[in-house]
Amino acid sequence: MKFSEKMAKITIKAIVQTIFDKKRQNQLYEHQFVRVEEIGTKNVFDVQFYNEKIKVFESAGVKEKDEVIIEMNLNGKFWEKDGREGIFLKLNGQNIQVCN
């Protein structure tokens, strides 16, 4: 059996709840989070748009309460610290469009 080595991709239809301010983490990394609620569920996600993907978000003209289709990559990393361990997950926004 052969598995894809590409990133997990997710597309959902959602309502935009909150658009957070852009933040610069360092010289190379800027991000902006958008909180969305998946339509038909009670799932709420914070999706991160970063660097060039912020321009994709901005050019879509998304506003709070808009219904959107959002495409994102799911990234996960294992961490260990002080005898504890866990998984850190990020939803990285790739594309977003407002539904008509």
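A quick note: this is a predicted structure, and the numbers were derived from the prediction, not measured. For this chain, numbers begin at 1 and follow the sequence in order.
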Interatomic spacing from CG in Asp66 to CD in Gln17 - rounded to 0.5 Å: 13.0 Å
Mutual orientation of the aromatic rings belonging to His31 and Tyr29 [parallel < 30°, tilted 30-60°, perpendicular > 60°]: tilted
Connected-component partners of Phe49 among ILVMFWY, side-chain separation under 4.5 Å: Ile10, Ile12, Val16, Ile19, Val34, Val36, Phe45, Val47, Ile54, Phe57, Val62, Val68, Ile70, Met72, Leu74, Phe78, Ile87, Leu89, Leu91, Ile96, Val98
Arg24 atom CZ, neighbour heavy-atom count above 12 within 6.0 Å: yes
Under 3.5 Å: donor-acceptor pair, side chain of Asn51, backbone of Glu30: yes
Shared-cluster residues of Leu28, by chain and number - hydrophobic side chains joined below 4.5 Å: none
Thr18 side-chain N/O to Phe20 backbone N/O, donor-acceptor pair under 3.5 Å: no
Where Cys99 and Lys13 come nearest, the two heavy atoms and their spacing: SG-CE, 3.7 Å
N-O pairing of Glu58 and Lys55 below 4.0 Å: no
Flag for Asn75-Lys90: side-chain donor and acceptor within less than 3.5 Å: no
Short side-chain donor-acceptor distance under 3.5 Å, Gln94 and Glu71: no
Remaining members of hydrophobic cluster (4.5 Å side-chain criterion), Trp79: Phe88
Gap separating the CD1 atom of Ile15 from the CD atom of Glu37, nearest 0.5 angstrom: 8.0 Å
Value rounded to 0.5 Å, distance of CD in Gln32 from OH in Tyr50: 14.5 Å
